[in-house]
Student: 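Dropping a structure here in structure tokens format, bear with me for questions.
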Amino acid sequence: MEYKRKQRGLSDLTKQKISMRLKGRKKSLSHAANISKGMENYWSKIPQQQTGSTNLNGMV
């Protein structure tokens with residue numbers, strides 16, 4: 001499977017925008033657990049950002 005992102009690094013501004021957009025959403029406990037498990041699986045397959053790289057949006 002080919003993922004859109006190639007590295008984990010996101011800018012702080014992007015993280016803040018994502019956080020603000022997701023605030024206040026209601027989910028059941030089982031749904032939240034499934035999302036968490038899926039995200040852990042997804043991010044475990046993408047390497048950490050290499051030092052010295054300034055590309056924060058994941059595009060090469």
Side-chain angles (χ1 to χ4, degrees):
M1 175 184 269
E2 187 67 29
Y3 291 113
K4 186 175 183 179
R5 291 189 176 126
K6 302 299 179 196
Q7 297 177 345
R8 292 187 193 191
L10 292 175
S11 70
D12 288 337
L13 179 61
T14 301
K15 290 177 188 177
Q16 185 180 22
K17 286 180 182 179
I18 292 170
S19 176
M20 289 174 61
R21 181 76 172 152
L22 296 176
K23 283 196 190 308
R25 287 188 167 187
K26 303 290 183 201
K27 295 178 183 62
S28 69
L29 290 176
S30 63
H31 185 70
N34 286 337
I35 290 172
S36 178
K37 190 182 302 181
M39 291 305 291
E40 285 177 10
N41 185 31
Y42 172 80
W43 286 113
S44 69
K45 296 175 182 171
I46 298 176
Q48 290 285 350
Q49 183 176 359
Q50 295 178 0
T51 57
S53 177
T54 58
N55 188 357
L56 295 178
N57 64 3
M59 296 183 149
V60 179

Student: Quick check for you: to the nearest 0.5 Å, what is the distance between N34 atom CG and S28 atom OG?
Tutor: 8.0 Å
Student: Between atom OG of S36 and atom NE2 of H31, what is the distance when rounded to the nearest 0.5 Å?
Tutor: 11.5 Å
Student: Check for me, please, whether I46 and M39 land in the same ILVMFWY cluster - side-chain distances under 4.5 Å, paths through other members count.
Tutor: yes
Student: Kindly compute the distance separating NZ (K27) from CG (L22), expressed to the nearest 0.5 Å.
Tutor: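 Those atoms lie 6.5 Å apart.
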Student: Check L10 against K15 and note the closest heavy-atom contact, atom names and distance.
Tutor: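 Looking at all heavy atoms of both residues, the closest pair is O-CE, 3.5 Å.
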Student: Please round to the nearest 0.5 Å and tell me the distance separating atom CZ of R21 and atom CD of Q16.
Tutor: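 Going from CZ on R21 over to CD on Q16, the span is 15.0 Å.
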